[in-house]
Amino acid sequence: MKVLRPGTLGEARALIARPGHVAVGGGTVLQLGWASGATPPEALVDLSRLGLGDIAASADGGLTIGAAATLADIENDPQLSDTAPLLARAVRDIGAPGIRRLATLGGQIGWGAGCLLPALLALDARVFAAGSTDPVDMPLADWLAAPDGLVLSVTVPPQAPDATWTWRKIGLRAAFTPSVIAVAGLRSEASAALGAGGGPVPPRRLPVSEAAVAEGPEALRLALEAEIEAPDCIHRTGRYRARVAAAALTRGLFGTPRAPAAETSLKVPAAEPPPEGLRSLEGGPGGPEWHPRPDGRAKITGQAGYLTDARAPDMLVGRILRAGRPHARILSLDTSRAETLPGVAAVVTHADVPGLNAFGIMWQDQPALCHDVIRYEGDPVAAVAAVDEATAETALQAIEVVYEDLPVIASPAEALAEDATRLHQGGNLAAGFDLERGDVEAGFGAAAHIVEATYVTPRQMHVFLETEGGWCAPGDDGTLTVAVGGQHGGRDREQLARILDMPEERLHVITSPTGGGFGGKDELTVQPALALLALKAGRPVRLHLSRAESVLAGVKRNPMTIRMKTGCDADGRLLAQEVELVADCGAYASLSPAVAETALEHALGPYLAPALKTSGRLAYTNNGVGGAFRGFGANQMTFAIECQLDRLAALTGLDPVEIRRRNLRRPGMPGLMGHKVAGSERLAEMLAAAAASPLWSARAGPDGDPEGTGMALNFQGNGLGSLPQDDGEGELRLAADGAIEIASGLDEMGQGLATALQAVGAARLGCARSDIRPVYGDTQAAPDSGSTSASRGTFAAWSIARGAAPGFAEKVLALAADLTGVEATSLRLVPGGVAVAGTNSDAPIARFADLARHAGTALPRQKTAFAFPKTDYTDGNARFIHCYGATLARVAVDPVTGEVRLRALEMHTAAGPVIDLAAYLGQIEGGLIQGLGLTLTEDTLFREGRVLTTNLDAYMVPSIRDVAPSLRVTALEDLDADDPWGPRGVGELGIGAVTPAIANAVAAAIGGWPVAAPFSPEAILELATGSAAA
Amino acid sequence: MTTPVHFTHNGRPVSLFTEAGESLLSLLRLKLGDQTPKYGCGQGGCGACSVRIDGQLRLACLTLAETVDGAEVETVAALSAPNLDPLQEAFMDHFAAQCGYCTPGMIVAARTLLDTNPRPSRDEVIEAISGNLCRCTGYEPIIDAILAVAAQEVSA
């Protein structure tokens, strides 16, 4: 691609007329396309030298705005808010500040899709353009209908001061959002001007509706619904667009019709005191428990040393060739042309895999590089290493693959059909689970109330901000260093050793730090291709996936469809529960079978019922690959059961707290599978905390939108469960510089491992946090501590400190005794070193650095091993230790758009002692907001095995405006007196119950439960109007 | 086709060649070895590559490298020297960085806000960083950190 910079209008017009040449202002629209995988144009014709950026007063008292003026220039123009307040308001809704610095007015018009167009149309803007034959000066509406030439400027007449005006952009999230539709309107005694457009909606004036304004709001609304021409897109239907646009314009020009208060049968729980010991966790510096993280400085300076940041002079650039088709047979694969390109150092295919060409944490069914069949778009076929990015790209394009496309399995239902094409030799059923206990039919027969609903959960994407990548380098001694962000270096090494047919001892795996994981870096990602390239090239190679490739290749949360039928007696006591789970595995197993099993482990939530029947079917499809994601199936099932409880509450006349209290399991009872579970259960306390919440009596906001409060309970297991091997090792050691190292093979993904290691080490040893240097994420520097997943890091870190501290302290004190002559039994560890015991003084008589010098090469070190506590159940997988939570949501439902807005989120947690306040709060808040995304905006959409949401312009991570303006977290920290298992991990607790809490809050607001997450505003509107009509 | 560009990078004059169509982000990360701006999406959708050009907030992934000829380009590295920016201290103190990958962009966006609006409201803070995604924190500590610095700088 080249960039041309014409200096005159004539040159510009000549260039734009050429094929493959595209005029560009800020380039923001174009970039959206090619960062999602589209081919860039041949040439960009940059118009910035034409001097079209001025904004000046026009002859009619309005403004003339040059086509090259940026949206930020317009926003900051001092005259704008007086001349055209509608435009001033509208421009702030486009993009975000950094985007508005680049995006130009010309781009808004030239692409014909700018969100600003409805405002300009309603304001009667005129376009001045260099037309193909003559200069053009015409109304914007006419120009858009038949674009002619290059737009030079736009004149906006002064807005009538007496006119009522309105502007509304409806998006996919609360800010920085693509447009669903945008509308602008002006209404005065004499006339009205209306415009609609934005995104896929053609920008139009709405003359029929303008005429209907005089007839009043209802006539206007109907006219608008008929007149607005809006297509469907992957996110919203055209019907929805027209409907909300009509409602927004009508409401904006005529004021809010007073909606009748929603009738809801849900009772509010009686106020009660919170459980003893529950405390609010306050964020922010100042308190004695608040500590900055040891890796904080590196992060705030941008020098954290992410593995994708590594550069070395001889480092090659790696790229992976993805199949780009969901299901196909490889007929031929020819890399010869790519191999001979100058600058290409290595090309690898399946033929270069020396060992087992398969990986998977538990089931190895995923090829490192495909040799016969492609099962998803992101399947890797080959990889190249070249001297630079451009050469690597050229080499990828030079690889010739001939495919024969095969029938696509686009859903679990298609996969499980009798005559379905088989994706794997064993068929399409990746896993099946069935359980029956008690007489379910008799239970439903005796029930006073039965509710049945089908809940759907999305293919949520992790969207770690650092996409997969890193570097790999062969050593002189036959070793190989693989440095790729991950969640378990030891297991990555084991998997790579199998693929490379290399002894584990020769593999050095570095996995930290990494820019977010959330489960998505638990499985191998780019390591196999990267390692094969480095071995073949004999040189270091780096590789960093583009976002579009990450979307294509990476694991996602397994979408689930959960049909749940629940019956209770007249008093609200559960009698029978039937659950049918169908989950989309994607193309390969990864951890999906374990996810589905974990979901079913939560089939009754924390409740009791005499009869239970569950079935689970996990099906292979061509929809990407499913796998681990924070919550691991538990949060999906919790969504279903917690909504069922509220539905039954409504039918029985109980409040949400009371119905739960009547059905809650009691401490000491066996778990769902009849298995033994650890003590320190705190469900009743979490329920009491929820009952005490001020959110039940929150007042509705001033806008009169329906509001409601909802709750949900959850519990989350810690550890991998009863079946997988789940143990590890760690070490305390004194380093030569006097730092006490606490070494663990866990990973720092942002969650605060480093700060937690300092916390547990300092607490056990009696030294200061700053005396401790955490060492992690490197198989050479630390022993294998197991995976950083399944909320197990806290237990692992705590166990390492607990196990190693006594022996380590003894060795350090002996060393101090030797140095100082004071008996070891009279010494103790204090911040900075070793002090004399039994005195009030914490002043060390020997500093750790002195001790290290004195030790010479015989530095004290103490290794320890731990086993994650397990339950006795082995017929399947089940967890032993858990943490507990109650989540409350206060929501408002926008009656115009059906959008759900969070007013407040509150979570009560019980996970034993908080070992680091900031990290604990960070995990809960982060989990809540990731859950909010799952509930309201996030889904990786597929059609016929092809991903549609290819980058972050279509996949909606919550923006800062989507989060609840009020977040409150509490903790209940005590453990049972005989509980030896210490603090519980809370990495997954926060996400566990957000979805049902919001669903129940929506039901409290509008009387009906959304069942398919993310909750589409369209479905919410239908629920709201449906229940109003009923 | 390569084009020479001359600009100042964190106060240091630099001259180099840029390929046609190359983004400023790629120029900074690959040719100048400044890894502090991050790649997150390549389409202006996450804000991880936020930098300042002539004092204004810009997205390096959307900026063609050749357009910065003659400009002053600053990354978070410019704010860190010789002393940390109070915003950086505040991000540390508030635990506003978890994985830290969004942090350089957040800090650049926040500094640009405080330079033009030293006493922002909570809503103005939110608006200023609304183009920057954070996947770890839930945003609350980030808002708190920026507001804390604003309060400090105004009272100082």
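Protein chains get the first letters and strands the later ones, always in sequence-line order, with residue 1 at the start of each.
- B:F95 carries A:R293 over the face of its six-membered ring, with the cationic atom under 6.0 Å from the centre and within 45° of the normal.
- Using a 4.5 Å cut-off between heavy atoms, A:L44 touches chain B through its side chain atoms alone.
- Under the 4.5 Å side-chain criterion, counting only non-hydrogen atoms from C-beta, A:L465 is in contact with B:C46.
- In this structure, B:Y139 OH and A:D962 CG are separated by 8.0 Å, a value rounded to the nearest 0.5 Å.
- In this structure, chain A has heavy atoms under 4.5 Å from both the backbone and the side chain of B:R29.
- In A:E389, the CD atom is crowded: over 12 heavy atoms of neighbouring residues, nucleotides or ligands sit closer than 6.0 Å.
- The main-chain N or O of A:D309 is found under 3.5 Å from a side-chain atom of B:Q35 such that the two form a donor-acceptor pair.
- Residue B:L84 touches chain A through its side chain alone, counting heavy-atom pairs closer than 4.5 Å.
- B:D85 does not touch chain A: none of its heavy atoms, backbone or side chain, sits under 4.5 Å away.
- With a 4.5 Å cut-off on non-hydrogen atoms, A:P958 touches chain B through its backbone and its side chain both.
- At least one side-chain heavy atom of A:I960 sits less than 4.5 Å from a side-chain heavy atom of B:I143.
- Contacts of B:L113 with chain A are absent, with no heavy-atom separation under 4.5 Å from either backbone or side chain.
- For the atom pair B:Q43 CD and A:N951 CG, the distance stands at 3.5 Å (nearest 0.5 Å).
- The contact between A:V463 and chain B is made by backbone and side chain atoms together, counting heavy-atom distances below 4.5 Å.
- The contact between B:S130 and chain A is made by backbone and side chain atoms together, counting heavy-atom distances below 4.5 Å.
- Both the backbone and the side chain of B:D93 come within contact range of chain A, each with at least one heavy atom under 4.5 Å from a heavy atom of that chain.
- Nearest heavy atom pair, residue B:G21 against residue A:V3, reads N-CG2, 3.7 Å.
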Intermediate values then yes/no, salt bridge (Lys or Arg N to Asp or Glu O under 4.0 Å), A:R5 and B:E66: CA-CA 11 Å; A:R5 286 219 166 64; B:E66 53 194 279; 2.5 Å; yes
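- The minimum heavy-atom distance linking B:Q98 with A:K299 is given by the pair O-NZ, 2.7 Å.
- Interface check for chain B: of the options A:A96, A:P97, A:G283, the most heavy-atom pairs under 4.5 Å are formed by A:P97.
- The parts of A:A919 that come within reach of chain B are both its backbone and its side chain, each placing non-hydrogen atoms under 4.5 angstrom from that chain.
- The two residues B:C136 and A:F518 have their closest heavy-atom pair at SG-CZ, 3.9 Å.
- Heavy-atom minimum distance, A:T301 versus B:V76: O-CG1, 3.5 Å.
- Of the atoms belonging to A:A304, not a single heavy atom falls under 4.5 Å from chain B.
- Of the atoms belonging to A:L928, not a single heavy atom falls under 4.5 Å from chain B.
- Of the residues considered (B:D123, B:T63, B:D144), B:D123 shows the highest number of contacts with chain A, using heavy-atom pairs under 4.5 Å.
- Judged by distance alone, with hydrogens and angles left aside, the side-chain atoms of B:Y101 form no donor-acceptor pair with the main-chain N or O of A:T467 at under 3.5 Å.
- In this structure, no portion of A:L753 lies under 4.5 Å from any heavy atom of chain B.
- Within 6.0 Å of atom CZ in A:R311, more than 12 heavy atoms from other residues, nucleotides or ligands are found, so the atom counts as buried in its surroundings.
- Interface remark: B:E22 contributes no atoms to any contact with chain A (heavy atom separation under 4.5 Å).
- Between chain B and the options A:Q303, A:Q923, A:H544, A:Q751, the largest number of non-hydrogen pairs under 4.5 Å is found for A:H544.
- Contact tally against chain A (heavy-atom pairs below 4.5 Å) for B:G40, B:P104, B:A96: the top residue is B:G40.
- Using a 4.5 Å cut-off between heavy atoms, A:R49 makes no contact with chain B at all.
- With contacts defined as side-chain heavy-atom distances shorter than 4.5 Å, the pair A:D388/B:L30 does not qualify.
- Using a 4.5 Å cut-off between heavy atoms, A:D46 touches chain B through its side chain atoms alone.
- Both the backbone and the side chain of B:T36 come within contact range of chain A, judged by heavy atoms closer than 4.5 Å.
- Formation of a donor-acceptor pair under 3.5 Å by the B:R135 side chain with backbone atoms of A:H462 is found in this model.
- Looking at A:R100, the atoms closer than 4.5 Å to chain B (heavy atoms on both sides) all sit in the side chain, from C-beta outward.
- Within 6.0 Å of CZ in A:R961 there are more than 12 heavy atoms belonging to other residues, nucleotides or ligands.
- Nearest heavy atom pair, residue A:E925 against residue B:T137, reads CB-O, 3.6 Å.
- Heavy atoms only, all atoms of each residue included: B:C41 and A:L952 are closest at CB-CD1, 3.8 Å.
- Within the 4.5 angstrom heavy-atom criterion, no atom of B:I142 approaches chain A.
- For B:I126, the parts lying under 4.5 angstrom from a heavy atom of chain A are both the backbone and the side chain.
- When heavy atoms are compared at a cutoff of 4.5 Å, A:R542 approaches chain B solely by way of its side chain, counted from C-beta outward.
- Only the side chain of A:T755 comes within contact range of chain B, with heavy atoms under 4.5 Å apart.
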